[in-house]
A.B. asks: 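The structure follows.
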Amino acid sequence: MKGSDRLRRLASYAFVAALVVAAVSCNEAHPNSTLVPHSDLGREIDFLWNRLLLLGTIVFILVEGALIYVVFRYRRRENQGTPPQTHGSTTLEIAWTLIPAVILVFIAVPTVRTIFITQAQAAPGSLSIEVTGHQWWWEFRYPEYGVTTANEIYLPVGRTVNFRLRSADVIHSFWTPQLGGKRDVVTNRTNYIWYTPDTSISSNVWNGFCAEYCGASHANMRFRVFTVSQQQFESWVAGQKMPAKYGAVAPVSSSGGPTPPPVQGAAVTTPPAAPLGAAQSSVAAASASAGQAGYIFPREKIPEYAVPHSPIPPDLKFTAGLTGNAARGKQVFSSSACIGCHSITGNPAAMGTTGPNLTHVGSRSTIAAGRFPNAAAYLALWIKNARKMKPEVIMPTLGLDEYDPVLKAKVTAAGGGLTDQQIADIVAYLTALK
Ligand code: CUA
């Protein structure tokens, strides 16, 4: 009696624990859960998962039930002799061969069906996006529109998007948990994945990840997906197609030329204690004052889970209170190491292809492939010493007198080292590139 009491209590504990786990894992507050699909592809996979979970649960309950029944019903009793011995039962042998075979049919048929659906070519008329995985950032091209961006994609809801996946170096994996995925991004081979974002998820932000270990900053290889309405998408495309919004026509000379837009918003301060402090709002102010060429997802509407909270290296400092000048910043940018790796359409000096295209970098919500918010304070530290901000990043250390772990030396003025004022100017320039 005592034993069965304890067993009953244990069973009730286990039941409560299972309920808690189930409740926590089904919570919508888990934005990166694959169990809440928001696309056709996501639902195909979800259907398979639910089917397998159901069948697995039924088999588990039947098998464990039978096991527990037999253990208790035929347990050894006092004064009991040796039970009758049996060997072999054709009926049983056939039964336990056939039952798993039938179960496997119920698993295999929908699995093969889902494989065929998800591996099929995307429907004609799909939005094509060329994805290139780099150590450690994502390059996105919209060939239909001539738009190149990095680490952020805008998708119109209701239209199938076809991703063409390639790698510039090692194996990565493209994954947006709630929209469907994941698929490997491999050198020398083009993979595809497609899905149609549900129309119900217009005006939303989704986290994307690299899901294949690809080196020191694998965890810092993230991206954001913005699902927007068709009109917002067209407006965004129109803006991104244009050359850089700031200073695209002619280099600004000190004696005249176009008046630079107000850049007080790009003033560089030391990073705020909380990542969403003054720096963030000052950039929002700058974007409002500069006027937007195309739709940009409003910063204040970006949900908390899509805002990075990576810590800043404690030993990386920046002069407080510097105000950057975008015109000067453009000149510094165009004559420094930056142009060796970055392109800015409209700035003929900047045609590098190693790093992200910066034509509209000011319109992006994050820098460093989702590792930091795209705010002046972070951008300044990033330019000053990117290798401290993100392990093993290719971007060289640019801050004067900063130690570069690859060169194993401090950056000198002769080696292209930039002062904090010069960096503040570049930040003002980049921030103006909406
Ligand atoms: Cu790219 Cu992991």
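Every number for a ligand or one of its atoms is a count from 1 in the order of the listing.
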A.B. asks: Checking only N/O/S atoms, does Gln135 have one that is under 2.8 Å from atom 1 (Cu) of ligand 1?
C.D. replies: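 No - counting backbone and side chain alike, Gln135 has no N, O or S atom under 2.8 Å.
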
A.B. asks: Check the side chains of Gln232 and Ser229 for a donor-acceptor pair under 3.5 angstrom, ignoring hydrogens and angles.
C.D. replies: yes

A.B. asks: Taking backbone and side chain together, does Cys210 place any N/O/S atom at a distance below 2.8 Å from atom 2 (Cu) of ligand 1?
C.D. replies: yes

A.B. asks: For the residue pair Asn191 / Arg183, report whether a side-chain donor-acceptor contact shorter than 3.5 Å exists.
C.D. replies: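 The criterion, which ignores hydrogens and geometry beyond distance, is not satisfied for Asn191 and Arg183.
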
A.B. asks: Can you name the one residue among Lys434, Gln240, Glu152 that meets side chain to side chain donor-acceptor pair (under 3.5 Å) with Ser363?
C.D. replies: Gln240

A.B. asks: With respect to atom 1 (Cu) of ligand 1, what is the nearest N, O or S atom of His172?
C.D. replies: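 For His172, the N, O or S atom at the smallest distance from atom 1 (Cu) of ligand 1 is ND1.
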
A.B. asks: Which atom name would you report as the N, O or S atom of His218 nearest atom 2 (Cu) of ligand 1?
C.D. replies: ND1

A.B. asks: SG (Cys214) to atom 2 (Cu) of ligand 1 to O (Glu212): angle, nearest 10 degrees?
C.D. replies: 110°

A.B. asks: Is it true that the side chains of Thr196 and Thr160 contain a donor and an acceptor less than 3.5 Å apart?
C.D. replies: yes

A.B. asks: When rounded to the nearest 0.5 angstrom, what is the spacing between SG in Cys210 and CG in Asn220?
C.D. replies: 11.0 Å

